[in-house]
Chemist: 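Structure below; questions to follow.
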Amino acid sequence: MSDIRVRFAPSPTGYLHVGGARTALFNWLFARKMGGKMILRIEDTDTQRSSEEMVRGILEGMAWLGLDYDEGPFFQSSYVEQHRAAANQMLDSGWAYRDFTPKEERDDSTIKQQIADAARQPKALNPYRDLGREESDERAATGEPFVIRFKVPEEGKTSFDDAVYGTQERDYKDIEDLVLLRSDGHPLYNLGVVVDDIEMGITHVIRGQDHISNTHKQILIYQALGKPVPKFAHLPLILAPNKGKLSKRKHGEIVSVTTYRDAGFVPDAFVNFLALLGWAPDDESVRDREIFSRQELINLFTLEGIHKSNAVFNFNEGDARNWTDQKALWMNAEYIKTMPLDQLMPMVIAELKKTRLWRDEFAVEKKAWFDRTIDLIRERFRTLADFSTYGRPYFVDDLSFEFDEAAVKKNLRKDPALMTLLPELADRFAALEEFSHDATEAAMRAFADEKGVKAGLLINGARTALTGQSVGPSMFDVIVAVGQERTVARLKHAAIIVN
RNA sequence: GGCGCGUUGGUGUAACUGGUUAACACGCCGCCCUCUCAAGGCGGAGAGCACGGGUUCGAGUCCCGUACGCGCUACCA
């Protein structure tokens, strides 16, 4: 057990999206690899935009991904007193000052313009920056509103060694006197994180690259507070297909991890996919592999393996089949068809319960059949949801499954003779004493010879009659899985479907 | 505008401290198998490493510049 402590600190302004999920994952992998602690902290200081529902969404997302934490969840909003105390401490030590500029003068609507203007001028120092402490105290005592700003020294620079991006430096003159405490007494983000990270003994801050410039400000605060600065590792961003920033507002549900849960992703598969977005193992012996178990990921994970350029997450809204990154879909399929059946089973059962296809007998008297059937059909499924859609014909006794129009046309309507052949075939099947793969195949082929038709005609016709589809596993496996009774009934029913 | 970061096939990644025809995966295309395919097997196309200079016997790997992208630049996080 090491004393390494990391944290995932999302702000609950929306659901957990894939970018946040990956940040959480990398923190988690690092903590597990190093034998450290993972802490969850909700950054809810912006009460306007935070809600309990969003917090629940984040917790749900993490639980689904299997990212557990050792401490927390802590809520940043419950530490405001400590934040204020830290701000006052900096005021006392001369690292901060009260700024009495009325809020209206720094109104949002004019901000962009001000920035643009200010950029052309040498930095104009705030008139309150060097206001005497006594006068400052007096004005504060009269109730005049003020913010507390950090007093960035005029000369010098901050620097830190980022585990991913290397040495980072920033001239003090490029850092503005940031606000620590709002005029209503609310602590702001940069103050909050630092105080909390100190309080929680965070040793490694692993977060998105969009925080890299905040880091310089935060280092200043660490120094002003006289505390050691943690190690930093900034992660490349995950971009939308247009290479823009992933945005909840613009991209909606498609970037939410709960979407992937609901669409039938296997958590390990999604974790596997996420891990490879911006990271690759250093270990050469594993270079040409892509599928890694959770434990392998933990063993292989290193901060050095994280790379610097942003990754594109290729989702594809509107395309029903390839609605999200094709590699993610491929990987999920890979997990579904290769993972140990007993690990897959609970997920399949949950899926069938969700769609009311589950029957308790599947777990008892029909268990052997159920296991065999799942093992058979999982071969070409890509999501757990496929068990309910494409798998439906195997789980219902009636004909309440969808007959794909194209399949009906291709396999049933193709030859009118099928309308008499299929019911006749049904009779042959009904007469079979042993309803096995070989027996049904022998019966069908003999029947085809007898009638002078190609076996394929009957096989494909039967496929659609039994499952409503044009694709699926080897036909005689399907027949056995569907069973004698239902096979006979559905073959006889084929004519009705066509008409 | 300023500051910072990045740039290897469509996408995700690899290429030891510069040294063979730039590798792997997804996707795509074709072939084979076959009762179908969204399965399996085999093969192929696709980047000469953003661009332009330089250093070097030799650069995707080092240096400089340009372009493009992204981030930050709030009394948001």
Side-chain angles (χ1 to χ4, degrees), chain A residues 9-13 43-46 48-50 76 99 101 103 106-108 111-112 114-120 123 145-149 162 164-166 168-171 173-176 178-186 188-190 192-193 208-214 216-217 234 236-237 239 241 243-245 273 276-281 284 287-291 307-314 321-322 325-331 333 337 379-382 386 390 407 410-411 441 444 454-464 469-476 478:
Chain A
S11 60
T13 54
E43 313 243 301
D44 58 346
T45 47
D46 184 354
Q48 300 286 319
R49 298 198 297 165
S50 302
Q76 188 159 64
D99 179 357
T101 310
K103 189 180 179 189
R106 296 174 179 276
D107 211 2
D108 274 13
I111 241 160
K112 294 270 182 211
Q114 282 184 6
I115 291 167
D117 291 346
R120 288 183 200 93
K123 181 157 111 186
F146 61 87
V147 300
I148 294 184
R149 307 187 90 99
D162 192 274
V164 176
Y165 290 93
Q168 299 293 309
E169 293 189 331
R170 178 82 99 250
D171 268 330
K173 66 174 162 51
D174 293 322
I175 305 175
E176 78 282 5
L178 62 147
V179 173
L180 266 14
L181 229 49
R182 276 201 259 169
S183 51
D184 61 5
H186 258 87
L188 254 23
Y189 172 71
N190 282 303
V193 243
Q209 180 246 64
D210 48 345
H211 284 289
I212 225 162
S213 43
N214 280 328
H216 294 281
K217 301 172 190 173
H234 286 91
L237 267 22
L239 270 23
K243 302 200 191 317
K245 193 183 183 184
F273 172 76
L276 263 19
L277 235 38
W279 173 82
E284 286 179 50
R287 277 285 153 73
D288 49 6
R289 286 177 51 200
E290 302 265 316
I291 304 287
H307 65 147
K308 301 180 174 76
S309 56
N310 296 161
V312 173
F313 179 49
N314 241 323
R321 178 162 166 74
N322 294 313
D325 198 294
Q326 294 195 309
K327 192 161 194 166
L329 249 11
W330 165 80
M331 200 169 268
K337 58 187 161 200
E379 178 69 20
R380 61 209 71 191
F381 286 173
R382 301 200 303 172
D386 289 343
Y390 299 119
K410 179 181 166 205
N411 292 335
E441 175 160 18
M444 189 185 271
K454 289 172 89 176
L457 180 73
L458 296 174
I459 289 170
N460 288 321
R463 187 190 313 282
T464 301
Q469 297 154 29
S470 62
V471 303
S474 173
M475 197 51 210
F476 299 100
V478 173

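Order of the sequence lines fixes the chain letters, A, B, ..., with proteins taken first and strands second; residue numbering starts at 1 for each chain. These values consider heavy atoms only, across backbone and side chains, with no hydrogens, waters or symmetry-generated copies. Treat the numbers as computed from the prediction; the structure is a model and nothing was measured.
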Chemist: Could you tell me the separation between the OH atom of Y165(A) and the P atom of rC5(B), rounded to a whole number of Å?
Modeler: 10 Å
Chemist: So which nucleotide from rG71(B), rA39(B), rA14(B) ends up closest to the side chain of E379(A)?
Modeler: rA39(B)
Chemist: List the residues meeting salt bridge (charged side-chain N to carboxylate O under 4.0 Å, His left out) with D171(A), not counting sequence neighbours, and say none if there are none.
Modeler: K173(A)
Chemist: Each nucleotide in nucleotides 19-31 of chain B should get exactly one letter: B, S or -. Can you fill that in based on protein heavy atoms under 4.0 Å?
Modeler: -----SBSS----
Chemist: Would you please confirm or rule out a distance under 4.0 Å between OP1 or OP2 of rA14(B) and any side-chain N or O of H307(A)?
Modeler: yes
Chemist: Do the non-hydrogen side-chain atoms of Y189(A) and H211(A) ever get within less than 4.5 Å of each other?
Modeler: yes
Chemist: To the side chain of K337(A), which of rG71(B), rC3(B), rA39(B) is closest?
Modeler: rA39(B)
Chemist: With a 4.5 Å heavy-atom cut-off, do I459(A) and F476(A) have their side chains touching?
Modeler: yes
Chemist: To the nearest 0.5 Å, what is the distance between NE2 on H216(A) and CG on D174(A)?
Modeler: 9.5 Å
Chemist: Say you draw a straight line from CD of E290(A) to NZ of K327(A); how long is it, rounded to the nearest 0.5 Å?
Modeler: 3.5 Å
Chemist: Rounding to an integer number of Å, can you tell me how far D210(A) CG sits from rC70(B) C1'?
Modeler: 10 Å
Chemist: Taking atom types as they are modelled, is there a donor-acceptor pair under 3.5 Å from the base of rA38(B) to the side chain of D386(A)?
Modeler: no
Chemist: Classify the nucleic acid contact of A455(A) as base, sugar-phosphate or nothing, counting any heavy atom under 4.0 Å across all strands shown.
Modeler: nothing
Chemist: So, does K173(A) get its side chain near the phosphate of rC3(B), meaning an N or O under 4.0 Å from OP1 or OP2?
Modeler: no
Chemist: Distance check needed: rG4(B) P versus Q168(A) CD, whole Å only.
Modeler: 10 Å
Chemist: Tell me which nucleotide among rU36(B), rC75(B), rU11(B) gets nearest to the side chain of K410(A).
Modeler: rU36(B)
Chemist: For the C1' atoms, the ones on rA15(B) and on rA25(B), what distance do you get once it is rounded to whole angstrom?
Modeler: 15 Å
Chemist: Between atom CG in N310(A) and atom C1' in rA50(B), what is the gap in whole Å?
Modeler: 16 Å
Chemist: Taking only Lys NZ, Arg NE, NH1 and NH2, and the carboxylate oxygens of Asp or Glu, determine whether E176(A) and K217(A) approach each other closer than 4.0 Å.
Modeler: yes
Chemist: For E284(A) and G456(A), find the nucleotide of RNA chain B closest to each by heavy atoms; which residue's nucleotide sits nearer the 5' end?
Modeler: E284(A)
Chemist: How long is the straight-line distance from CG of L178(A) back to CZ of R149(A), given to the nearest 0.5 Å?
Modeler: 8.0 Å
Chemist: I need the NE2-C1' distance between H211(A) and rC5(B), as an integer number of Å.
Modeler: 15 Å
Chemist: Can you identify which nucleotide, out of rU36(B), rG6(B), rA38(B), has its nearest atom closest to the S474(A) side chain?
Modeler: rU36(B)
Chemist: Could you check Y390(A) against P281(A) and say which one's nearest nucleotide on RNA chain B is further toward the 5' end?
Modeler: P281(A)
Chemist: Tell me if a side-chain donor or acceptor on S11(A) pairs with a main-chain N or O of D44(A) at a distance below 3.5 Å.
Modeler: no
Chemist: Nearest to the side chain of I459(A), heavy atoms from C-beta on, is which of rG40(B), rC35(B), rC37(B)?
Modeler: rC35(B)
Chemist: Once you round to the nearest 0.5 Å, how far does CD1 of I148(A) lie from CG of L180(A)?
Modeler: 7.0 Å
Chemist: Roughly how many Å is it from CG in L457(A) to C1' in rU34(B), rounded to a whole number?
Modeler: 16 Å
Chemist: Select base, sugar-phosphate, or nothing to describe what K454(A) touches, counting heavy atoms under 4.0 Å on all strands.
Modeler: nothing
Chemist: Could you give the CZ-to-P distance, from F313(A) to rC70(B), as a whole number of Å?
Modeler: 19 Å
Chemist: Does rG46(B) fall in syn (glycosidic angle within 90° of 0) or anti?
Modeler: anti
Chemist: Heavy atoms from C-beta onward define the side chain here; which of rU11(B), rC72(B), rC35(B) lies closest to that of V312(A)?
Modeler: rU11(B)
Chemist: For RNA chain B, list all stems, counting runs of three or more consecutive pairs where every pair is Watson-Crick or G-U wobble with both distances under 3.5 Å.
Modeler: B:1-7 with B:67-73, B:10-13 with B:23-26, B:28-32 with B:40-44, B:50-54 with B:62-66
Chemist: Does K243(A) make a side-chain N or O approach to OP1 or OP2 of rU7(B) shorter than 4.0 Å?
Modeler: no
Chemist: What distance, rounded to whole Å, do you find between the two P atoms, one in rA50(B) and one in rG9(B)?
Modeler: 7 Å
Chemist: Please report the interatomic distance CH2(W330(A)) to CG(N322(A)), rounded to the nearest 0.5 Å.
Modeler: 15.0 Å
Chemist: Can you identify which nucleotide, out of rU36(B), rG40(B), rC3(B), has its nearest atom closest to the D174(A) side chain?
Modeler: rC3(B)
Chemist: Tell me, do Q209(A) and N310(A) make a side-chain contact under 4.5 Å, heavy atoms counted?
Modeler: yes
Chemist: Picking from rG71(B), rC35(B), rC76(B), which would you name as closest to the side chain of R182(A)?
Modeler: rC76(B)
Chemist: For the side chain of V147(A), counting heavy atoms from C-beta on, which of rG40(B), rC75(B), rG71(B) is nearest?
Modeler: rC75(B)
Chemist: Is any side-chain heavy atom of Y165(A) closer than 4.5 Å to a side-chain heavy atom of P236(A)?
Modeler: yes
Chemist: Can you tell me which nucleotide in rC75(B), rG6(B), rU11(B) comes closest to the side chain of V179(A)?
Modeler: rC75(B)
Chemist: Between rG40(B) atom C1' and R380(A) atom CZ, what is the distance in whole Å?
Modeler: 9 Å
